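Here you go, one structure.
Every number for a ligand or one of its atoms is a count from 1 in the order of the listing. If you're wondering where the values come from, they're calculated on a predicted model, not measured in any experiment.
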Amino acid sequence: MYTRCRVCGGKVGEFLDLGRQPTANGFLLPHEVNQEFTFRLAVGACADCALVQLIDEVSQEVRYHAGYRYHASGSASHRQHFEGNARRLLATELGGSDPFIVEIGCNDGVMLATVAAAGVRHLGVEPSTNVADVARSRGVRVLTEYFDAGTAAAIRAEHGPSNVIFGANTICHIAHIESLMRGVDVLLASDGVFIFEEPYLGTIVEGRAFDQIYDEHVFYFSVTSVAAMAERFGLELVDAEQISMHGGEIRYTLARAGARVPAPGVAALLADEQARRLSAPDTLEEFGRHVERVRDELVTLLRQIRADGLRVVGYGAPGKASTVTNYCRIGSDLVPFVCDSTPSKQGHLLPGSHLPVRAPEAFADPYPDYALLFAWNHAEEIMAKEQGFREAGGRWIRFVPEVRVD
Ligand code: TMP
Ligand code: ZN
């Protein structure tokens with residue numbers, strides 16, 4: 001249990017308890033339901049550096065194993081986003097002679113495949129062997145390890161300094177962040193940049209996206225907490241851009257202190273977070289109370305639908321669906337199944353709530369009366385694809401930022 005900040009050692013004050021939860025991507029086969037691991041999913045904020053983080057954590061070995069089911073290439077919008085990232089880096093930071101880029105948590109190579117195709121020196125560092133193998137099949141060079149101070153030193157010894165260290169939806173997963181940051185310091189070239197894009201605390205708290213909170217997301221970064229963390233390790237936050245991934249993220253750019261002129265947007269965002277009192281205890285506690293209200297309303301709605309003899313199917317089985325179904329105790333009595341386009345999730349059960357996952361074809365066979373949109377960050381893509389559901393009289397249920405039926 002962490003009552004001390006993983007970055008600065010300050011005191012962490014808890015503001016939300018989402019109850020006992022399994023690992024969010026721990027999909028099960030029916031015969032595995034009796035061996036399920038759970039932990040207390042609770043979050044707090046550091047009184048000193050403002051970093052929001054999990055109180056308890058699940059060991060990395062439990063989270064990232066050979067069967068890790070999250071594939072970053074799972075949706076068209078993600079593929080486009082990461083190809084765009086690669087092209088932009090190739091045109092800017094990787095424009096010099098013999099540049100080198102390291103990606104922390106390269107997953108299935110969705111970003112580095114474009115870099116590899118351009119013939120640029122690169123290395124993905126990815127502990128989950130199954131997704132690492134997919135990356136390799138795309139021509140990406142991968143080291144199957146965790147990124148920490150030791151691995152970073154080994155990479156530097158073999159390949160030299162890195163012009164870019166990149167991470168997407170990865171840095172917030174790494175509980176040993178102190179060692180990771182020391183590793184960045186070891187590996188980064190003197191004029192290099194550490195760029196990472198992660199779910200934004202502002203989106204989660206102000207956008208009420210409480211389902212972004214699960215075992216894999218150990219940290220919930222803000223511009224304030226990232227700037228403080230950078231400073232502790234001799235780095236400086238030189239850019240922070242808001243991007244639309246996963247419902248709203250920030251792309252942070254860190255450079256060695258004094259090496260680059262910070263973009264004017266950084267100071268503006270810092271002042272803005274201060275003015276909004278984003279990490280203030282009263283703001284975070286109010287968010288906690290809102291989440292309890294959403295749970296009560298959603299459960300009431302689902303029970304009413306069942307009482308009326310109507311059907312609800314869950315749409316999408318992202319990690320987020322685990323948080324909602326387990327926090328609200330939504331079982332197959334309320335939502336008989338969830339459909340998801342990821343073949344490796346189909347035929348499995350959602351962790352904890354044990355809702356069965358079926359192929360998207362099951363959705364229309366026949367259409368339910370309601371669809372509970374777990375993959376709400378892909379609402380546009382999904383609703384465009386499922387126009388027939390609306391035309392058949394079906395209605396979508398959302399619960400972020402609040403419970404809404406339309
Ligand atoms: P993600 O937001 O973490 O990528 O998860 C989205 C999940 O939703 C993933 O399991 C795939 C699923 N999904 C569908 O089932 N149908 C779709 O059309 C889209 C875009 C995603
Ligand atoms: Zn701290």
(request) Looking only at distances, please establish whether an N/O atom of ligand 1 is found under 3.5 Å from an N/O atom of Ser341. (result) yes

(message) Before you tell me yes or no, could you show the steps for Asp185 and Arg256 under salt bridge (charged side-chain N to carboxylate O under 4.0 Å, His left out), namely the whole-Å CA-CA distance, both residues' side-chain angles and the distance that decides it to 0.1 Å?
(response) CA-CA 8 Å; Asp185 185 26; Arg256 295 199 180 273; 2.6 Å; yes

(request) Can you figure out which of Glu386, His78, Lys385, Glu381 has its heavy atom closest to atom 18 (O) of ligand 1? (result)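 Closest candidate by heavy-atom distance is Lys385.
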
(request) Round to 10° and report the angle made at the Zn ion (ligand 2) by SG of Cys8 and SG of Cys49. (result) 120°

(message) To check you understand the geometry: which heavy-atom pair defines the closest contact between Gln53 and Cys46, and what is its length?
(response)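 Taking every non-hydrogen atom into account, NE2-CB, 4.1 Å.
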
(message) Within the 4.0 Å heavy-atom shell around Lys345, which atoms of ligand 1 are there?
(response) 9 (C), 10 (O)

(message) One residue to check: Ala375. Relative to ligand 1, which of side chain, backbone, both or neither has a non-hydrogen atom less than 4.0 Å away?
(response)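 The side chain, only.
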
(message) Once you measure the plane-to-plane angle for Phe389 and Trp396, does it fall in the parallel (<30°), tilted (30-60°) or perpendicular (>60°) bin?
(response) perpendicular

(message) With heavy-atom distances below 4.0 Å as the criterion, list the atoms of ligand 1 near Lys320.
(response)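 Within the 4.0 Å cut-off of Lys320, ligand 1 contributes 2 (O).
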
(request) Would you mind running through ligand 1 and noting each atom that sits below 4.0 Å from a heavy atom of Thr342? (result)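 So the atoms of ligand 1 that pass are 9 (C), 10 (O), 11 (C).
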
(message) Please determine whether salt bridge (charged side-chain N to carboxylate O under 4.0 Å, His left out) holds for the pair Arg138 and Asp108, giving the CA-CA distance in whole Å, both sets of side-chain angles, and the decisive distance to 0.1 Å.
(response) CA-CA 8 Å; Arg138 291 176 170 166; Asp108 58 12; 3.5 Å; yes

(request) State, to the nearest 10 degrees, the angle whose vertex is the Zn ion (ligand 2) and whose arms point to SG of Cys46 and SG of Cys5. (result)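 Angle SG(Cys46)-the Zn ion (ligand 2)-SG(Cys5): 110°, rounded to 10°.
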
(request) Would you indicate which of Val357, Asn169, Asn377, Asp340 comes nearest to atom 9 (C) of ligand 1 when only heavy atoms are counted? (result) Asp340

(request) Assess the pair His217 and Tyr214: is the distance between their ring centroids shorter than 6.0 Å? (result) yes

(message) Quick test of your reading of the model: are Arg208 and Glu286 salt-bridged, counting only N-O distances below 4.0 Å?
(response)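 Result for this pair is yes, salt bridge flagged.
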
(request) Mind telling me whether Tyr252 and Phe196 have parallel, tilted or perpendicular rings, with 30° and 60° as the class edges? (result)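 Phe196 and Tyr252: tilted rings.
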
